[in-house]
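Owing to the predicted nature of the structure, the values given are computational and were not obtained by experimental measurement.
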Amino acid sequence: KDNHILKFTKAGKFVMQIGRAGQSKGNADTQNLNQPADTFVYAKTNELFVADGYGNRRVIVFDADTGRFKRMWGAFGNVPTDAPPNPALPDADANGAPQFVQPVHAARVSNDGLVYVSDRGGKRVQVFTLEGKYVSQVFIGRDCKAPECGNGTTAASTAFSTDPEQRFLYVGNRSQAKVMVLNRRTLEILDSFGQWGSAPGDFGTLHHMAADSKGNLYVTEVTPLKPENRRIQKFILMGR
């Protein structure tokens with residue numbers, strides 16, 4: 001509930017703070033955040049992309065050195081709004097809700113400058129240009145509904161394969177306990193792996209993901225009532 005982002009050097013020296021606790025005035029506020037879920041620094045433009053998505057429902061971009069606000073957007077590139085909290089059930093319309101459905105859980109930028117936003121509550125990943133122009137979307141587990149399918153949210157996080165073209169997009173499917181493998185360019189779902197459970201290779205509550213320079217994938221789980229599923233798993237890239 002501190003609602004801020006802190007920047008440090010690699011040695012742990014404090015450098016900068018963006019946002020102040022208890023100061024958020026909603027989705028139009030360019031100086032404060034409301035329970036941000038994820039950050040990503042895009043080195044080519046030196047910009048910090050933030051999924052400001054548990055209390056707000058937007059992607060907001062800052063200068064990575066100064067913390068100066070640059071721009072923000074909601075689903076489909078719309079101006080993010082405050083009310084109603086979640087404007088529509090994800091399957092009430094063929095294209096999904098006109099705003100992100102909380103939580104907006106991750107924002108990651110590919111090498112070729114596309115922003116992939118995990119709209120966890122909206123059960124989709126939306127793709128934008130760096131400036132926030134809507135490009136495309138893919139639904140993830142749209143048939144997943146609470147309570148028989150977890151809490152009914154799916155697209156928790158994304159990661160890219162680490163080949164130069166980043167051919168594959170990995171999507172953490174929270175409530176269906178799977179990692180989805182997509183063609184990054186076309187968003188075609190190619191494969192998936194995982195199931196509910198606590199054995200190696202199984203998943204509890206998928207939360208975030210990251211890939212290293214060798215292509216290995218790290219997946220975090222945060223299942224509250226199962227200590228065996230509060231863990232990080234590493235998956236080795238076996239082939240391309």
Exercise for the section: Please step through side-chain contact (heavy atoms from CB on, under 4.5 Å) for the pair Val179 and Ser192, ending with a clear verdict. Expected result: CA-CA 5 Å; Val179 171; Ser192 67; over 6 Å; no
Handout entry: Aromatic ring proximity His105/Tyr54, centre distance under 6.0 Å
Key = yes
Problem - Pairwise distance NZ(Lys145) to NZ(Lys123) - rounded to 0.5 angstrom - result: 5.0 Å
Practice task
Show your reasoning for whether side-chain contact (heavy atoms from CB on, under 4.5 Å) applies to Gln126 and Val138.
Solution key: CA-CA 7 Å; Gln126 289 201 332; Val138 59; over 6 Å; no
Practice task
Salt-bridge test for Lys133 and Glu131: reply yes if a basic N is under 4.0 Å from a carboxylate O, no otherwise.
Solution key: no
Practice task
Could you tell me whether the side chains of Thr162 and Asp212 share a donor-acceptor contact shorter than 3.5 Å?
Solution key: no
Handout entry: Co-membership, hydrophobic cluster, residues Tyr170 and Val219, 4.5 Å side-chain
Key = yes
Practice task
Return yes if a side-chain donor-acceptor contact under 3.5 Å exists between Asn46 and Asp65, otherwise no.
Solution key: yes
Problem - Pair Arg71 + Glu47: basic N to acidic O under 4.0 Å - result: yes
Practice task
Rounded to the nearest 0.5 Å, what's the gap from CD1 on Ile140 to CG on Asp143? Could you check?
Solution key: 11.0 Å
Practice task
Report yes if the distance between the aromatic ring centroids of Phe203 and Phe235 is under 6.0 Å, otherwise no.
Solution key: yes
Handout entry: Residues, nucleotides or ligands: over 12 heavy atoms within 6.0 Å of Lys226 NZ
Key = no
Practice task
Taking the side chain as every heavy atom from C-beta outward, state whether Asp119 and Val125 have any atom pair closer than 4.5 Å.
Solution key: no
Exercise for the section: For residues Asp63 and Leu48, determine if any side-chain heavy atom of one lies less than 4.5 Å from a side-chain heavy atom of the other. Expected result: no
Practice task
Report the C-alpha distance between Leu33 and Arg58 in whole Å, list the side-chain angles of each, state the deciding distance to 0.1 Å, and finish with yes or no for side-chain contact (heavy atoms from CB on, under 4.5 Å).
Solution key: CA-CA 10 Å; Leu33 305 163; Arg58 63 183 180 177; 4.2 Å; yes
Problem - Under 3.5 Å side-chain donor-acceptor pair for Ser198 and Asn229 - result: yes
Exercise for the section: State yes or no: do Ile189 and Phe160 share one hydrophobic cluster built from I, L, V, M, F, W and Y residues joined by side-chain heavy-atom distances below 4.5 Å, directly or via other members? Expected result: yes
Practice task
Classify the side-chain pair Arg174/Thr205 by whether it contains a donor and acceptor separated by less than 3.5 Å.
Solution key: no
Handout entry: Gln102 side chain to Gly55 backbone, donor-acceptor under 3.5 Å
Key = yes
Handout entry: Cluster link Phe193 to Trp196, ILVMFWY, side chain under 4.5 Å
Key = no
Problem - Side-chain H-bond candidate by donor/acceptor type, Glu188 with Asn183, under 3.5 Å - result: no
Exercise for the section: Please determine if Lys44 and Asp112 form a salt bridge, counting it only when a charged side-chain N lies under 4.0 Å from a carboxylate O. Expected result: no
Problem - Remaining members of the apolar cluster that contains Phe8, side-chain heavy atoms under 4.5 Å - result: Leu6, Phe14
Problem - ILVMFWY network linking Tyr42 to Ile18, side-chain heavy atoms under 4.5 angstrom - result: no
Handout entry: Phe40/Phe49 aromatic ring centres below 6.0 Å
Key = no
Exercise for the section: Would you kindly confirm whether Met180 and Phe139 end up in one hydrophobic cluster when ILVMFWY residues are joined by side chain heavy atoms under 4.5 Å apart? Expected result: no
Practice task
Classify the side-chain pair Thr81/Arg57 by whether it contains a donor and acceptor separated by less than 3.5 Å.
Solution key: yes
Practice task
Report the C-alpha separation of Leu169 and Leu187 in whole Å, then their side-chain angles, then the decisive distance to 0.1 Å, and conclude whether the side-chain contact (heavy atoms from CB on, under 4.5 Å) test is met.
Solution key: CA-CA 8 Å; Leu169 174 72; Leu187 299 182; 4.1 Å; yes
Practice task
Determine whether the side chains of Thr153 and Arg120 contain a donor N or O and an acceptor N or O closer than 3.5 Å.
Solution key: yes
